[in-house]
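Have a look at the structure below before the remarks.
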Amino acid sequence: MAASCLVLLALCLLLPLLLLGGWKRWRRGRAARHVVAVVLGDVGRSPRMQYHALSLAMHGFSVTLLGFCNSKPHDELLQNNRIQIVGLTELQSLAVGPRVFQYGVKVVLQAMYLLWKLMWREPGAYIFLQNPPGLPSIAVCWFVGCLCGSKLVIDWHNYGYSIMGLVHGPNHPLVLLAKWYEKFFGRLSHLNLCVTNAMREDLADNWHIRAVTVYDKPASFFKETPLDLQHRLFMKLGSMHSPFRARSEPEDPVTERSAFTERDAGSGLVTRLRERPALLVSSTSWTEDEDFSILLAALESKGPLREYYSRLIHQKHFQHIQVCTPWLEAEDYPLLLGSADLGVCLHTSSSGLDLPMKVVDMFGCCLPVCAVNFKCLHELVKHEENGLVFEDSEELAAQLQMLFSNFPDPAGKLNQFRKNLRESQQLRWDESWVQTVLPLVMDT
């Protein structure tokens with residue numbers, strides 16, 4: 001409880017000073033059609049909060065989005081004149097004292113900094129907050145909401161304490177403190193959203209928090225990529241990464257060829273190469289809740305951890321496989337998913353209650369998926385319908401061998417799964433958001 005008490009003490013001590021600067025702005029009152037959205041993480045790698053902002057703007061709200069600006073958000077967000085992005089500075093831990101002391105000081109400083117940034121913004125009718133990370137942002141946003149009359153909306157993606165538990169262990173004092181903090185301050189919110197029915201039930205049963213399930217849905221730009229755009233993407237990636245380059249030179253020197261496609265110089269027509277390799281994509285944030293060695297072991301049979309897995313890749317001696325680990329621009333990521341033949345998901349969920357958004361994006365591109373099994377995966381991946389579910393590297397290896405044994409096979413399971421995805425008529429993000437979130441913010 002010590003860190004939480006320090007956060008509240010810091011807020012109380014800073015309140016008079018901050019009010020001197022922010023009171024004139026706040027006396028005008030909160031704008032009924034304005035929303036403040038907060039993510040104590042990289043905005044460019046927080047797609048769900050970007051989608052919230054876009055949907056709010058599309059339905060008449062102005063939005064101030066606060067977060068770290070480490071990577072570029074989607075162009076739609078940057079070009080929307082109803083959305084203002086306010087960059088936050090990511091504070092670093094002190095390099096002195098015990099680790100718990102360093103962490104406590106960082107939390108207090110982050111709380112004071114976030115409070116200051118929020119006090120100098122136009123108050124909104126709602127504060128939308130992504131959790132995790134929720135320490136110290138839940139307490140700060142609740143406190144600001146009390147001052148200006150904003151209603152706090154927490155979007156539960158997962159539990160922050162469960163992610164900390166992957167590093168420190170579930171019984172570490174910091175993990176237990178984070179759990180108490182999330183549970184206590186989470187109950188103070190006005191509205192709660194979550195990503196699965198399993199999480200909604202867990203919040204209700206164990207934390208006495210009522211939430212509405214808002215499933216992740218693909219944005220409109222996640223779709224199958226036309227062949228000419230595929231070729232353009234492969235040529236672009238080939239300039240930086242050798243696996244995308246042509247294995248042999250075309251007979252006509254002016255013909256443009258990648259590892260997968262070629263463009264006729266005369267007609268400009270793009271075709272797939274007959275002997276092209278299969279393109280398997282596994283999106284990853286290189287974090288502890290994704291065991292990438294499962295895929296490497298399966299291939300051998302047939303973020304913080306990126307360098308670790310890169311070293312493992314270099315130690316493998318693949319004969320018919322090339323591995324590439326690029327960071328993609330926001331606009332190129334959906335194009336690559338829409339060009340691939342199979343997606344692989346290694347997300348296992350620290351809590352067992354969230355679903356991998358990468359699979360949602362893949363399904364939006366009608367890309368079949370092989371996904372490692374965990375508690376609530378069945379809410380998204382239907383085995384033998386839109387993909388396959390596996391338990392370990394041996395089962396994944398057998399699935400890859402079966403799917404790619406006669407590649408490309410028009411009558412194979414890959415094409416059947418893709419056909420099922422095309423026919424499923426899945427809702428897009430804004431269609432789902434209008435049904436689930438818009439009534440909540442309009443009614444209250």
Side-chain angles (χ1 to χ4, degrees), residues 74-75 218-284 295 299 302 313 318-345 358-359 361-370 386-387 399-423:
H74 287 289
D75 283 339
S220 58
F221 43 77
F222 283 99
K223 54 190 176 184
E224 293 184 80
T225 306
L227 198 53
D228 60 329
L229 289 183
Q230 290 188 32
H231 178 75
R232 202 177 307 169
L233 175 67
F234 295 149
M235 295 303 296
K236 176 182 177 180
L237 294 175
S239 66
M240 299 173 283
H241 306 287
S242 59
F244 290 91
R245 296 172 194 156
R247 305 299 187 268
S248 59
E249 294 297 323
E251 294 181 5
D252 187 342
V254 295
T255 296
E256 197 176 60
R257 179 179 288 181
S258 72
F260 308 92
T261 55
E262 69 177 10
R263 183 192 296 275
D264 182 84
S267 65
L269 181 68
V270 176
T271 55
R272 291 187 176 90
L273 297 178
R274 282 187 182 179
E275 301 298 322
R276 69 182 179 94
L279 178 55
L280 183 153
V281 174
S282 183
S283 315
T284 180
L295 177 58
L299 293 177
K302 177 172 167 214
I313 289 169
F318 298 128
Q319 294 184 1
H320 303 290
I321 297 165
Q322 288 186 288
V323 180
C324 182
T325 58
W327 288 112
L328 294 174
E329 297 175 11
E331 284 68 41
D332 286 343
Y333 176 58
L335 294 178
L336 182 62
L337 294 188
S339 307
D341 299 298
L342 178 68
V344 170
C345 177
K358 64 197 72 181
V359 173
D361 296 336
M362 290 173 181
F363 284 171
C365 296
C366 296
L367 178 63
V369 169
C370 290
N386 53 21
Q399 290 175 358
L400 295 180
Q401 189 167 2
M402 179 268 293
L403 293 172
F404 291 137
S405 58
N406 295 312
F407 181 85
D409 180 8
K413 279 202 170 183
L414 273 180
N415 273 356
Q416 184 58 53
F417 292 157
R418 193 181 292 272
K419 180 184 176 185
N420 293 344
L421 285 165
R422 286 173 182 151
E423 294 174 350

Apply salt bridge (Lys or Arg N to Asp or Glu O under 4.0 Å) to Arg247 and list each qualifying residue two or more places apart in sequence or on a separate chain.
none
Sequence-distant partners of Ala219, side chain to side chain contact (heavy atoms under 4.5 Å, CB included), two or more places apart
Tyr51, Phe221, Phe222
Pairing residues for Arg232 by the side chain to side chain contact (heavy atoms under 4.5 Å, CB included) criterion, not counting sequence neighbours
Asp228, Leu229
Provide the closest heavy-atom pair for Lys236 versus Asp332 in the form atom of the first, atom of the second, distance.
NZ-OD2, 2.7 Å
All heavy atoms of Thr271 vs all of Leu227, minimum pair found to be CA-CD2, 4.0 Å
Taking only residues two or more places apart in sequence or in another chain, which ones pass side chain to side chain donor-acceptor pair (under 3.5 Å) with Arg245?
none
Restricting to pairs with a member in residues 407-417, which pass salt bridge (charged side-chain N to carboxylate O under 4.0 Å, His left out), not counting sequence neighbours?
Glu384-Lys413
Pairs touching residues 254-269 that satisfy salt bridge (charged side-chain N to carboxylate O under 4.0 Å, His left out), sequence neighbours left out:
Glu256-Arg263, Arg257-Glu262
Rounded distance (nearest 0.5 Å) linking atom OG of Ser405 with atom CG of Leu403:
8.0 Å
Using the side chain to side chain contact (heavy atoms under 4.5 Å, CB included) criterion, which residues pair with Arg276? Sequence neighbours excluded.
Arg272, Leu273, Asp341, Phe407, Pro408
Which heavy-atom pair separates Leu335 from Leu233 by the least distance, and what is that distance?
C-CD2, 3.7 Å
Contacts of Ser339 meeting side chain to side chain donor-acceptor pair (under 3.5 Å) (sequence neighbours excluded), chain-then-number -> none
Please check this pair: side chain of Glu224 against backbone of Cys366, looking for a donor-acceptor N/O pair closer than 3.5 Å.
no
Over all atoms of both residues, closest heavy-atom pair of Pro368 and Leu421
N-CD1, 3.8 Å
Search all heavy atoms of Ala259 against all heavy atoms of Pro243 and return the closest pair with its distance.
CB-O, 3.5 Å
With Phe234, which residues qualify under ring pair (Phe, Tyr, Trp, His ring centres under 6.0 Å), at least two apart?
Phe260
If you count the non-hydrogen atoms of other residues, nucleotides and ligands that lie under 6.0 Å from CD in Glu423, is the total more than 12?
yes
Across all chains, not counting sequence neighbours, the side chain to side chain donor-acceptor pair (under 3.5 Å) partners of Asn415 are none
For His231, enumerate each residue passing the ring pair (Phe, Tyr, Trp, His ring centres under 6.0 Å) test, keeping only those at least two apart in sequence or located in another chain.
none
Measuring from Leu280:CG to Cys370:SG, what's the distance to the nearest 0.5 Å?
8.0 Å
Closest approach of Pro250 to Thr255 (non-hydrogen atoms, all atoms of both residues)
CG-O, 3.4 Å
Please walk me through it: do Val369 and Phe417 pass side-chain contact (heavy atoms from CB on, under 4.5 Å)?
CA-CA 9 Å; Val369 169; Phe417 292 157; over 6 Å; no
How long is the straight-line distance from CG of Leu342 back to CZ of Arg418, given to the nearest 0.5 Å?
9.0 Å
